[in-house]
Amino acid sequence: MLGLGCFVSGDFHGGGRLLRYVSMAPVPQQRFPGSLHTRVQKAFLSSQPLTRGRRHTLKSSPGLHGSLSQCTHGRFPLPLLTQRCFLSQGSKSSTEPVKIRFRTRLMITLLIGSGVLGVWWYVYTEKQQMLQRQRIEQLKQVAVGQGNFSLLDNKGQRRTKRDFLGRWVLLYFGFAHCPDICPEELEKMSAVVAALDKDPALPPVQPLFITVDPERDDVAALDEYVKDFHPRLIGLTGTGEEVKHAGRDYRVYATAGPKDEDGDYIVDHTILIYLVNPDGLFLDYYNRMKDEEQIAESIRNHMKTYVKL
């Protein structure tokens, strides 16, 4: 039986020698105790390491130590090779609990780490949304863009601020006879809109141009002027009073200069690009010092943190 156990555990040489030893050894006078066979069989299944060395006696042990100590006792001497079979069986399986304990600790660590990360992300998200809500409340109290303009577009259709609710709007005040600054700012605004259009995850931005010179910028003049810029650009004009009302809502300064011999004149006005969110609230503005990359990045950030009212 012990030689067969050596074969099962992989010690073929030890098993063969043990069988030869048993066949040549005289049969002892004493009989093995009735439960020894059972205890020896259990010893093959035990994963506890044994102490190698000289023979020793244990008073009582139901496991492998007790069985082997009785076999190595003076009454039932076993060869050293048989003890090695028991030792090799225990050493192979003793590493399995260590691996299981390591995997358990690793899984517990990952679960705890994931939980901490989830809590942090939830707190961070809630904080950002709270700051955004506070920002919106502050914008509601700012007297910029709170009114509702009513103007004619470059096709002659009446447009109000409510027509653009639900869309992001970039708004610029200028005039079609501006020699350099207005065309530069409108080109920059058109480049920003085109850059944002390349990202399909972002909503489209509506560019608007409101004239501060309604005397010369009628519907036909604006329709011709906006063709030089972004195809979605809408020009807005109206009576002198309607244009002034729209400018006052955004605190736009506009004053016409003296006329020259040809009746031409320059309008001095505020040079800003306004960002309006889908709720019709003024969010940000960009002066001439901001380039198109900076403006586009700012708008992306506003879109990411936007919370619908």
Side-chain angles (χ1 to χ4, degrees), residues 117-118 120-142 144-149 151 153-155 157 159-174 181-210 222 225-236 246 249-252 270-309:
L117 183 61
W120 175 85
W121 179 253
Y122 174 78
V123 173
Y124 175 79
T125 304
E126 288 294 318
K127 182 179 179 180
Q128 293 300 318
Q129 291 180 355
M130 181 185 67
L131 293 176
Q132 182 67 14
R133 287 191 292 267
Q134 291 176 355
R135 171 67 173 165
I136 292 175
E137 292 299 325
Q138 293 172 357
L139 290 174
K140 288 181 178 180
Q141 298 175 5
V142 176
V144 176
Q146 294 293 312
N148 180 39
F149 59 79
L151 300 168
D153 65 13
N154 52 287
K155 298 299 182 182
Q157 183 179 354
R159 296 292 191 104
T160 67
K161 183 180 177 180
R162 296 186 183 90
D163 295 331
F164 302 101
L165 293 178
R167 286 184 281 179
W168 291 87
V169 173
L170 280 178
L171 175 63
Y172 180 77
F173 289 84
I181 295 179
C182 291
E184 291 175 359
E185 292 299 294
L186 288 175
E187 287 177 0
K188 182 169 65 176
M189 187 169 71
S190 298
V192 170
V193 175
L196 295 174
D197 285 343
K198 294 179 181 179
D199 190 345
L202 299 178
V205 177
Q206 175 60 58
L208 295 180
F209 171 68
I210 298 179
L222 281 185
Y225 184 68
V226 298
K227 292 178 182 179
D228 295 333
F229 306 102
H230 195 277
R232 287 206 304 271
L233 178 63
I234 296 176
L236 296 173
D249 288 341
Y250 289 91
R251 297 183 180 180
V252 172
T270 302
I271 305 173
L272 291 175
I273 297 175
Y274 298 87
L275 176 64
V276 180
N277 72 5
D279 299 310
L281 294 176
F282 160 76
L283 279 186
D284 212 338
Y285 67 91
Y286 310 102
N287 56 27
R288 296 187 65 190
M289 303 300 295
K290 299 289 185 180
D291 57 29
E292 59 187 69
E293 289 81 9
Q294 293 172 322
I295 298 175
E297 184 62 25
S298 173
I299 296 174
R300 289 190 189 96
N301 293 332
H302 282 297
M303 289 180 173
K304 291 177 181 178
T305 58
Y306 168 68
V307 179
K308 183 176 176 59
L309 294 179

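Counting from 1, the numbers follow the sequence of the chain as shown.
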| field | Heavy-atom check, side chain of R251 versus side chain of T270, under 4.5 Å | value | no
| message | Between I271 and N287, is there a side-chain heavy-atom distance shorter than 4.5 Å? | response | no
| said: Quick one, I273 and V192 - any side-chain contact, counting heavy atoms below 4.5 Å? | reply: no
| field | Point-to-point distance, once rounded to the nearest 0.5 Å, from CG of L222 to CG of L236 | value | 8.0 Å
| Counting distance only, does the side-chain N/O of D163 pair as donor-acceptor with the main-chain N or O of T160 below 3.5 Å? | yes
| said: The criterion is side-chain hydrogen bond (donor to acceptor under 3.5 Å, both in side chains); which residues satisfy it with Y286, sequence neighbours excluded? | reply: S298
| query | With sequence neighbours left out, what residues match E184 under salt bridge (charged side-chain N to carboxylate O under 4.0 Å, His left out)? | reply | R288
| remark: Tested for ring pair (Phe, Tyr, Trp, His ring centres under 6.0 Å) against Y274, the lone hit among F209, Y250, Y285, W168 is Y250
| Do V169 and V205 come close enough that some side-chain heavy atom pair is under 4.5 Å? | no
| said: So, taking the atom named CG in L171 and the one named CD1 in I210, what distance separates them when rounded to the nearest 0.5 Å? | reply: 4.5 Å
| query | Are D279 and Y306 close enough, and set up right, to give a side chain to side chain donor-acceptor pair (under 3.5 Å), and what steps lead you there? | reply | CA-CA 10 Å; D279 299 310; Y306 168 68; 3.0 Å; yes
| field | Heavy-atom side-chain contact between C182 and Y172 under 4.5 Å | value | yes
| task | State, with a plain yes or no, whether a side-chain heavy atom of R167 is found less than 4.5 Å away from one of P203. | result | no
